[in-house]
Amino acid sequence: MVATVASLIDLLDVRFVASDFYQGTTPDIGMPRVFGGQAAGQALMAAAKTVEEKRVPHSVQSHFLSAGLIGPPIDFRVERLRDSRSFSDRRVIAEQQGRQLLSMQASFHAPETGPEHQLVAEAVGGPSEAGAALRPFPEDWADFYRRWSSLAVDWCPDSNVRPLTTTGKGTLPRLWVRTSTPFEGPQAVHSAIATCVADLTLLRSSFSPHEIGPHNDVQTFTLDHSVWFHRPFRIDQWLRFDHLSPSASEGRAFCVGGFFDERGNHVASVTQVGLIREWLGQHNWTKRK
């Protein structure tokens with residue numbers, strides 16, 4: 001259960017063991033294996049603990065190698081690749097009981113001044129007004145999602161209608177997300193939570209073109225998960241998370257996402273490749289084309 005913001009921050013935090021060596025916990029949060037976003041967030045926090053706080057994460061590339069077990073701690077070993085005047089680069093290997101779970105490369109940058117632009121953000125409806133009912137995770141989604149009461153979620157209605165794919169269905173779900181209560185913390189903590197949150201829903205954008213239902217209909221596993229942070233942000237303030245799945249084939253889906261604040265600032269981009277495998281013969285993909 002990730003019921004409070006404090007429990008979410010504790011979940012992603014790691015404990016110092018020795019120089020460049022940290023440990024993270026793997027409590028039961030409702031999944032049969034360690035949630036990939038949790039491991040990625042912990043790896044980013046391990047890397048951040050070896051960098052000056054003024055250097056903030058600007059890119060994270062995670063490769064998931066195997067599923068983690070609930071209970072045993074995860075060891076995070078940090079390799080210092082570079083510390084220049086402006087940048088710090090780290091490689092993190094996550095292991096559990098001698099088995100590698102994740103490999104991450106993270107880069108940190110001391111913000112500088114320079115030219116600035118972005119694509120104009122599409123105007124969409126904002127999150128529900130204070131006091132109005134939010135649109136949380138749909139009822140047919142796995143109970144795991146409703147355990148994340150540390151997050152406030154508001155789906156943009158009728159967002160999944162375009163652009164059309166070759167199945168004739170759209171693939172553009174949108175949601176607003178923030179932590180359920182404010183908290184104080186460095187940018188690295190906000191970035192680690194965003195890295196975790198992005199893995200909660202992004203791969204599901206590849207389900208929409210095939211009208212795939214709840215998670216128990218298919219077997220999924222994130223293979224690659226990368227995040228680029230463009231501008232400062234707070235995850236305890238509303239961020240719009242746009243999803244898109246440009247392509248799926250050979251049992252793998254490619255998905256991209258973007259985080260925007262309420263002013264339309266593009267604060268982060270996400271890419272993900274995940275396994276989508278037929279589960280116990282419940283789907284016949286050729287019939288769905």
task: Report, as yes or no, whether the 6.0 Å neighbourhood of atom CD on Glu53 holds more than 12 heavy atoms from other residues, nucleotides or ligands.
output: no
task: Of all the heavy-atom pairs spanning Gln97 and Pro72, show the shortest one and how long it is.
output: NE2-CG, 3.5 Å
query: Applying the 4.5 Å side-chain criterion to the ILVMFWY set and letting contacts propagate, would Val227 and Phe87 be lumped into a single cluster?
result: no
field: Ser208 versus Pro173, closest heavy-atom pair with distance
entry: OG-CG, 4.3 Å
query: Run the side-chain contact (heavy atoms from CB on, under 4.5 Å) check on Leu223 and Phe64 step by step: do they pass?
result: CA-CA 5 Å; Leu223 302 172; Phe64 294 94; 5.9 Å; no
query: Would a 4.5 Å heavy-atom cut-off, applied to side chains only, mark Ser191 and Val56 as touching?
result: no
- prompt: Trp176 side chain to Gly125 main-chain N or O, any donor-acceptor pair under 3.5 Å?
  reply: yes
- request: Would you confirm whether the ring centroid of His266 sits within less than 6.0 angstrom of the ring centroid of Phe260?
  value: yes
- request: Run the numbers on Thr26 and Gln96 for side-chain contact (heavy atoms from CB on, under 4.5 Å), then give the verdict.
  value: CA-CA 10 Å; Thr26 59; Gln96 187 185 56; 4.0 Å; yes
query: If you count the non-hydrogen atoms of other residues, nucleotides and ligands that lie under 6.0 Å from CZ in Arg263, is the total more than 12?
result: no
task: Name all residues meeting the side chain to side chain contact (heavy atoms under 4.5 Å, CB included) criterion together with Thr271; count only those two or more places apart in sequence or in a different chain, and write none if there are none.
output: Ser226, Trp228, Phe254, Val256
task: List the atom of Thr167, the atom of Pro209, and the distance in Å for their closest heavy-atom pair.
output: OG1-O, 2.7 Å
message: Just verifying a value: how many Å separate Phe76 CZ and Leu101 CG, rounded to the nearest 0.5 Å?
response: 8.0 Å
message: More than 12 heavy atoms of other residues, nucleotides or ligands under 6.0 Å from CD of Glu112: yes or no?
response: yes
- prompt: Apart from Val17 itself, what residues make up its hydrophobic cluster when side-chain heavy atoms of I, L, V, M, F, W and Y under 4.5 Å apart count as a link, directly or indirectly?
  reply: Phe21
message: Assess the residue pair Ile276 and His210 against the criterion (side-chain contact (heavy atoms from CB on, under 4.5 Å)); give the C-alpha distance rounded to whole Å, side-chain angles, the decisive distance to 0.1 Å, and a yes or no.
response: CA-CA 12 Å; Ile276 301 183; His210 306 277; over 6 Å; no
field: Qualifying residues under side chain to side chain contact (heavy atoms under 4.5 Å, CB included), relative to Val267, sequence neighbours excluded
entry: Arg231, Phe233, Leu239, Phe259, Asp261, Asn265
task: For Tyr145 and Leu200, indicate whether the former's side chain and the latter's backbone hold a donor-acceptor pair under 3.5 Å.
output: yes
- prompt: Are the side chain of Gln38 and the backbone of Cys196 linked by a donor-acceptor contact shorter than 3.5 Å?
  reply: no
message: For Ser150, is there any backbone N or O sitting under 3.5 Å from a side-chain donor or acceptor partner on Ser180?
response: yes
Distance in Å, Arg77 CZ paired with Gln100 CD, rounded so as to fall on 0.5 Å steps: 10.5 Å
query: Is any NZ, NE, NH1 or NH2 atom of the basic residue among Asp20 and Arg91 found under 4.0 Å from an Asp or Glu carboxylate oxygen of the other?
result: no
- request: Examine the side chains of Ser107 and His58 and answer whether a donor and an acceptor come within less than 3.5 Å of each other.
  value: yes
statement: Residues Lys54 and Pro111: closest non-hydrogen pair is O-CD, 3.5 Å
task: For the residue pair Thr50 and Arg90, confirm or rule out a side-chain donor-acceptor distance under 3.5 Å.
output: yes
- request: Under the salt bridge (charged side-chain N to carboxylate O under 4.0 Å, His left out) rule, what do Arg178 and Glu262 come out as? Steps first, then yes or no, please.
  value: CA-CA 11 Å; Arg178 61 169 171 78; Glu262 289 190 90; over 6 Å; no
message: Is it true that, when you exclude Lys169 itself, more than 12 heavy atoms of the residues, nucleotides or ligands shown sit nearer than 6.0 Å to its NZ?
response: no
field: ILVMFWY cluster, Ile29 and Val5 together (side-chain gap under 4.5 Å)
entry: yes
field: Same apolar cluster: Ile70 and Phe144, side chain cutoff 4.5 Å
entry: yes
query: Is there a side-chain contact between Trp148 and Val153, using heavy atoms and a 4.5 Å cut-off?
result: no
task: Indicate if Leu102 and Ile93 have the same hydrophobic cluster label, given that clusters are the connected sets of ILVMFWY residues with side-chain heavy-atom separations under 4.5 angstrom.
output: no
query: So how far is it from Lys49 NZ to Phe16 CZ, rounded to the nearest 0.5 Å?
result: 10.5 Å
- prompt: Ring centroid separation for Phe183 and His190, is it under 6.0 angstrom?
  reply: yes
- request: Compare every heavy atom of Gly36 with every heavy atom of Asp199, then report the nearest pair and how far apart it is.
  value: OD2-C, 3.5 Å
query: Which value, rounded to the nearest 0.5 Å, describes the distance between Ile193 atom CD1 and Arg234 atom CZ?
result: 10.0 Å
- request: For the pair Val270 and His225, evaluate side-chain contact (heavy atoms from CB on, under 4.5 Å) and give the outcome as yes or no after the intermediate values.
  value: CA-CA 7 Å; Val270 188; His225 182 58; 3.8 Å; yes
- request: Measure across Ala40 and Thr195 and return the closest heavy-atom pair with its distance rounded to 0.1 Å.
  value: CB-CG2, 3.9 Å
task: Side-chain contact test, heavy atoms from C-beta onward, threshold under 4.5 Å: evaluate it for Leu203 versus Phe221 and give yes or no.
output: no
query: Once you round to the nearest 0.5 Å, how far does OG1 of Thr165 lie from CG of Leu172?
result: 12.0 Å
message: Please check this pair: side chain of Gln61 against backbone of Asp224, looking for a donor-acceptor N/O pair closer than 3.5 Å.
response: no
query: Hey, is the main chain of Ser66 close enough, under 3.5 Å, to the side chain of Arg33 for a donor-acceptor pair?
result: no
field: Distance-only polar pair, side chains of Ser269 and His230, donor-acceptor under 3.5 Å
entry: yes
message: Working to the nearest 0.5 angstrom, can you tell me the gap between Leu244 CG and Leu202 CG?
response: 9.0 Å
